[in-house]
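We use all heavy atoms of the structure for the numbers below, so side chains are in, but hydrogens, waters and symmetry mates are not. All ligand and atom numbering here is 1-based and tracks the order in the structure.
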Amino acid sequence: LKLPNRTFHGHPRLLSSDVYSQYESIRQGKQEIPKYFNFASDVLDKWSEIEKAGKRPSNPAFWWINGEGEEVKWSFEELGFLSRKVANVLTKECGLQKGDKLILILPRIPEWWLVKVACMRAGIVVIPGTSQLSAKDILYRLQASKAACIITTGKLAPAVDSVASQCQLLKTKLMVSKGSREGWQNFTELYQNQSADHSCIKTRIQDPMMIFFTSGTTGSPKMTQHSQGSLGFRPLLSERYWLDLTPSQIIWNTADTGWILTSIASFFDPWVFGSCIFIHNLPQTDSEVILNTLCRFPIDALVGAPTLFRMLVQNDLSKYKFMSLKYCMSGGEPLNPEVMEQWKSHTGLDIHEVYGQTEMGVICSVSKGMKIKPGSMGKAAPLYDVQIIDKNANILPPGQQGEIAIRSKPIRPLGFFSEYLDNPKKTAESERGDFYVTGDRGTMDEEGYFQFIGRDDDIIISSGYRIGPFEVESALIEHPAVVETAVVSSPDPLRGEVVKAFVVLSPTFSSTDLKSLTRDLQDHVKKTTAPYKYPRKVEFVKELPKTVTGKIKRNELRDKEWGRI
Ligand code: ATP
Ligand code: MG
């Protein structure tokens with residue numbers, strides 16, 4: 001394996017040609033936000049020029065591997081060259097125009113990055129989706145978005161075909177795969193023969209750039225529209241708040257391509273800093289493969305959902321010596337303090353928490369150098385005034401529980417989604433007074449650190465007490481028998497509802513007497529949290545229901561408890 005040459009003369013932060021530093025006067029408020037912005041021409045092509053001038057370390061911009069020894073490395077220039085070819089495929093071969101929508105369902109393969117950049121060049125709105133979508137999910141997305149084009153793999157093509165007749169607006173189907181299929185064009189063949197002459201389209205900063213379907217943890221996924229500004233320009237303004245990478249560093253995020261986290265952590269934010277995006281095309285999350293990859297490649301930063309870290313700490317971590325890893329981040333769900341401690345005690349590394357939403361991107365984070373308070377998701381991200389509010393949109397003082405909200409008036413800060421597409425009702429419901437409400441409950445302490453309590457609809461109200469599932473789950477997971485757990489409300493004739501825990505047992509406890517283990521777990525929770533929070537009911541399960549992004553579907557467990565499904 002040939003490692004990139006990472007020698008670099010001079011401190012990258014001091015580079016006057018650094019793309020990020022070119023926006024200093026806007027960050028200081030001395031200059032206005034530009035009217036036009038396009039991530040491809042204003043960030044990627046700029047890095048390409050810097051690279052050509054020999055002012056960027058010889059770190060690839062993109063570095064991809066799979067488990068079968070294949071490897072792809074692109075500089076910013078190569079990324080530019082190839083993505084221009086793809087832009088020509090989309091506009092010339094497929095006849096797509098600015099504003100048209102394209103559904104992109106690919107696993108973590110390099111083409112995903114090429115298509116995204118190409119769409120920006122051509123002003124096409126990208127709608128990413130995960131490869132785990134079923135035919136029904138694809139139909140829902142095609143119909144709701146009115147997409148004109150879909151790009152997917154040969155494996156998913158039959159699923160698309162089974163519903164395509166119900167999608168009149170779908171004009172073009174492109175397949176990234178070796179074979180051929182009737183009604184489909186072969187992406188790879190088309191783009192290899194294209195010219196690389198393409199001039200990037202001019203886009204206004206508020207022009208739509210991407211549409212994400214939310215995870216659908218509660219209800220059906222909502223179409224969340226983001227602009228060039230909200231995703232591409234925001235990281236240029238937000239200081240180095242959550243990533244703080246240099247052009248010689250490498251970041252690996254293990255999230256699926258369908259999720260906004262991948263667009264943030266494996267696309268916009270690292271490339272703003274000119275850093276290298278590393279991808280391992282893992283068919284499934286295998287903790288040994290992940291740990292070995294961290295030992296074999298000079299990865300500086302690792303990003304994943306809490307499930308990733310929960311899985312990794314199940315291994316004997318003393319067997320692994322990471323090559324360069326210094327910075328770990330977890331987001332998408334609350335991270336249990338116990339997992340954080342275990343990871344730290346075995347690797348010496350902290351896990352920095354990030355809290356965000358499809359709608360808002362990163363809302364809070366524990367940035368580099370910030371004091372870590374286990375169980376807290378850090379402070380408000382720059383540009384966002386995050387507060388805890390009550391039902392009437394009054395700001396609550398530190399320590400009081402309420403809804404996590406972000407000030408949206410008089411000025412809607414850069415970073416906010418534009419709207420839930422075709423759903424003005426949902427868009428309106430997300431506003432309260434001067435705030436956008438996240439639908440999550442939490443508290444803020446005197447130092448401005450936020451603590452997550454739970455999704456509004458996950459809160460359990462038992463004998464008048466409000467109990468957030470996360471605190472109970474975090475207490476349970478401290479017990480050596482518990483690998484993973486989900487806590488929900490369950491009906492009770494006396495108390496209305498009680499706390500119930502679904503527990504995935506560690507294999508070493510599989511032959512334990514479950515009755516006494518239940519009592520053990522209950523006592524443990526009583527000792528570590530307020531006793532009224534202990535789970536009166538405990539059920540042992542093999543696995544927990546999760547969304548494709550790996551989030552625990554508490555609503556599914558709750559609905560079963562209440563006989564709603
Ligand atoms: P839907 O809105 O369709 O139900 P979803 O809310 O799960 O789906 P996402 O936008 O992917 O879709 O997830 C955002 C939510 O994830 C947040 O509102 C919050 O509940 C949760 N979340 C994200 N990061 C964290 C974190 N660090 N700690 C706690 N919760 C988090
Ligand atoms: Mg949501």
**Q** If we only consider heavy atoms of Phe212, is any one of them less than 4.0 Å away from an atom in ligand 1?
**A** no

**Q** Looking at Phe417, does the NZ or CZ of Arg412 lie under 6.0 angstrom from its six-membered ring centre and within 45 degrees of the ring axis?
**A** yes

**Q** Determine whether the side chains of Asn315 and Tyr320 contain a donor N or O and an acceptor N or O closer than 3.5 Å.
**A** no

**Q** Tell me: protein heavy atom nearest atom 16 (O) of ligand 1, and distance?
**A** Lys551 NZ, 2.8 Å

**Q** Is the shortest side-chain heavy-atom distance between Leu335 and Met377 below 4.5 Å?
**A** no

**Q** Could you walk me through whether Asp559 and Arg564 pass salt bridge (Lys or Arg N to Asp or Glu O under 4.0 Å), step by step?
**A** CA-CA 5 Å; Asp559 286 350; Arg564 291 191 282 248; 2.9 Å; yes

**Q** Taking 4.0 Å as the limit for heavy-atom contacts, which would you say applies to Glu333 with ligand 1: side chain only, backbone only, both, or neither?
**A** backbone

**Q** In the protein, which heavy atom is nearest to atom 24 (N) of ligand 1, and how far is it?
**A** Gly332 N, 3.0 Å

**Q** Please say whether the positively charged group of Arg234, taken as NZ for Lys or CZ for Arg, lies over the ring of Tyr384, i.e. under 6.0 angstrom from the six-membered ring centre and within 45 degrees of the axis.
**A** yes

**Q** Taking a cutoff of less than 4.0 Å between a non-hydrogen atom of the residue and any ligand atom, is Gly356 in contact with ligand 1?
**A** yes

**Q** Taking 4.0 Å as the limit for heavy-atom contacts, which would you say applies to Trp259 with ligand 1: side chain only, backbone only, both, or neither?
**A** side chain

**Q** Going by the order shown, which atoms of ligand 1 are within less than 4.0 Å of some heavy atom of Glu353?
**A** 26 (C), 27 (N), 28 (N)

**Q** What part of Phe452, side chain from CB on, backbone N/CA/C/O, both or neither, has a heavy atom under 4.0 Å from ligand 1?
**A** side chain

**Q** Does ligand 1 have a heavy atom under 4.0 Å from the side chain of Val354, from its backbone, from both, or from neither?
**A** backbone

**Q** Please work out, at 4.0 Å between heavy atoms, whether the side chain, the backbone, both, or neither of Asp440 comes within that distance of ligand 1.
**A** side chain

**Q** With no hydrogens and no angle check, just 3.5 Å: does a side-chain donor-acceptor pair link Glu429 and Tyr420?
**A** no

